[in-house]
Protein chains: 2
Amino acid sequence: MSDYRLTPPRNERRDAAENRQRIIDAALHLFDLHGVEQVSMNQIATEAQIGPGTLYRRYRNKSELCQDLIKDSVDMLFDDIYEAMEAHKEEPAGGRLRRLLGFFLRFREKKAQLLKGIENASPPTGKRAYSPIYQELHQQLVLLFEEIHGTKPGGVNSVFKADMLLHALGSEAYLFQRQGRGLSPETILEQLCLTFIPDEAAKL
Amino acid sequence: MSDYRLTPPRNERRDAAENRQRIIDAALHLFDLHGVEQVSMNQIATEAQIGPGTLYRRYRNKSELCQDLIKDSVDMLFDDIYEAMEAHKEEPAGGRLRRLLGFFLRFREKKAQLLKGIENASPPTGKRAYSPIYQELHQQLVLLFEEIHGTKPGGVNSVFKADMLLHALGSEAYLFQRQGRGLSPETILEQLCLTFIPDEAAKL
DNA sequence: ATAATAAGCGGAGACCTCTCCGTTTGTCAA
DNA sequence: TTGACAAACGGAGAGGTCTCCGCTTATTAT
């Protein structure tokens, strides 16, 4: 499961490259017009003037397509994050974690639709591996939690805690807080910190 | 959204009642045979010898059907939980929370497939209200968290924290820990407690 | 230039969820 | 008993995801 080889093979046939561009253009256009959620793979294929088979050959599902569309923004996000982590490396881990979350939540607000599109995998999704974005985020979270909690055997497992926090950052949980509970991004950030960063580590 | 009026109207027409039973029998049979995930609404309708329209008239989707199938077990679960909460009412809230989670995780292991069926709502699911089980669980969690944290304005919001924990108990998050991370139910329980119960409140 | 070949194409079709609506059928009151 | 009538039925069909497979085409070696 999950090749996630989203880098198009170096030597792409000319017609294939052209179709890839058509797909991307069509998707961006329709997403912009009707919203990611409302647009089906069929519609994209039609708009791109290719057969459904061709579309599915390149992107196994809508999730992969969304991933491709958001890739560059994700790279920029992590550039920002790494830069901020470096710039505040003297700060306690709790503070840096808060910064990281701040960056991500801002990103999540801007890219809400595509992120949701990425996470809506259709039923045959079994063990649900993380998509690259969440993988990379997970890595950083683990690092920070290890700094906060150490690696003592009896304590919280940093990987576990990172998993929990990551779930809280996913579309389903986040949008429920935003829409169902009516919380602002700032409130959510605050509550996430209170929930996942121990009191002692939250001090500036 | 979400009537969740799962109680069949008191005066049910005879043919309707009969069909309801056929549906339930068919579903139980097919679920047992092939697994919840693998069985489609169509197959259930066919097995029950009714039209698709009739099936969908009673259950708006597979999730509702699963809810109906699990209803009695859920009632028993909460009987157990309330009894245990009552029996240990002198114990600190952290301990009672641990007990509650223990009950739920045991239940979740036994009913894994139906629970997953309940949560797999198809795309047109917007604000994703909790199903009754999770609503009731949420209530209890809020109560316990309020006991643990108080209701001071600057602190963690108990509703928020209950939401986070509830997400961690959902199929997606839980099954990922079980299968993706290979954790045992016991380990998960332990980690959940370490993650969501502050150190001071975890003392016996 | 040409032939061989693998990659890419695209549509038919399997199967799904869910809706609409004309027809049938219990139920209840007269 | 018999209508009246709302409730329930069931199937056609819209629209979705995704696969399969015979045909086309770009590429690359000769």
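Side chains are part of it too, since the values below use all heavy atoms of this structure and drop only hydrogens, waters and symmetry mates. In what follows, chains are A, B, ... by sequence order, proteins preceding strands, each numbered from 1. All values derive from a computational prediction rather than experimental measurement.
- Distance check, rounded to the nearest 0.5 Å: CG of A:L100 to CG of A:L143 gives 10.5 Å.
- In the set D:dA8, C:dC9, C:dT17, the nucleotide with an atom closest to the side chain of A:R57 is C:dC9.
- Nearest nucleotide to the side chain of A:N42, out of D:dC18, D:dT17, D:dA8: D:dT17.
- Side chain of A:H88 to main chain of A:A84: a donor-acceptor pair is present (N/O by atom type, distance under 3.5 Å, no hydrogens or angles).
- Here the P atom of nucleotide D:dA8 and the CZ atom of B:R22 are 17 Å apart, to the nearest Å.
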Quick tally for nucleotides 23-30 of chain D: nucleotides whose base has a protein heavy atom under 4.0 Å get B, sugar-phosphate-only ones S, the rest -, giving --BSS---
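- Within residues 44-52 of chain B, the residues approached by DNA chain D to less than 4.0 Å at the level of any non-hydrogen atom are B:I50, B:G51, B:P52, in residue-number order.
- Remark: C1' of D:dT17 and CG of A:N61 are 10 Å apart, rounded to the nearest angstrom.
- Under 4.0 Å is where a charged nitrogen must lie from a carboxylate oxygen, and between A:R22 and A:E18 at least one such pair does.
- Nucleic acid contact class of B:E18 (heavy atoms, under 4.0 Å, all strands): none.
- Side chain of B:Q177 to main chain of B:L183: no donor-acceptor pair is present (N/O by atom type, distance under 3.5 Å, no hydrogens or angles).
- Taking 4.0 angstrom as the limit, B:T54 places none of its side-chain polar atoms (N or O) nearer than this to OP1 or OP2 of D:dA8.
- Of the inter-residue distances, the one linking B:L114 atom CG with B:R108 atom CZ reads 11.0 Å to the nearest 0.5 angstrom.
- Rounded to an integer number of Å, the gap from B:Q43 CD to C:dT17 C1' is 13 Å.
- Distance, A:Y56 OH to C:dA7 P: 23 Å, rounded to whole Å.
- One interatomic measurement links the two molecules: CZ of A:R58 to P of D:dT19, which rounds to 16 Å at whole-angstrom precision.
- If you take CD of A:Q38 and P of D:dG16, they are 11 Å apart, rounded to a whole angstrom.
- Salt-bridge annotation for B:E109 and B:R106: absent, with no side-chain N of the basic residue lying under 4.0 Å from a carboxylate O of the acidic one.
- Although no hydrogens or angles enter the test, the distance criterion places no donor-acceptor pair under 3.5 Å between the side chain of B:Q191 and the main chain of A:F160.
- No side-chain donor-acceptor contact under 3.5 Å links A:K62 to the backbone of A:N120.
- Rounded to an integer number of Å, the gap from B:H34 NE2 to C:dC16 P is 12 Å.
- Proximity of A:N19 to the phosphate of C:dC9: a side-chain N or O atom is located under 4.0 Å from OP1 or OP2.
- Whole-Å rounding puts the A:N120 CG to D:dC18 P distance at 11 Å.
- The backbone N or O of A:Y130 lies less than 3.5 Å from a partner atom in the side chain of A:Q135, making a donor-acceptor pair.
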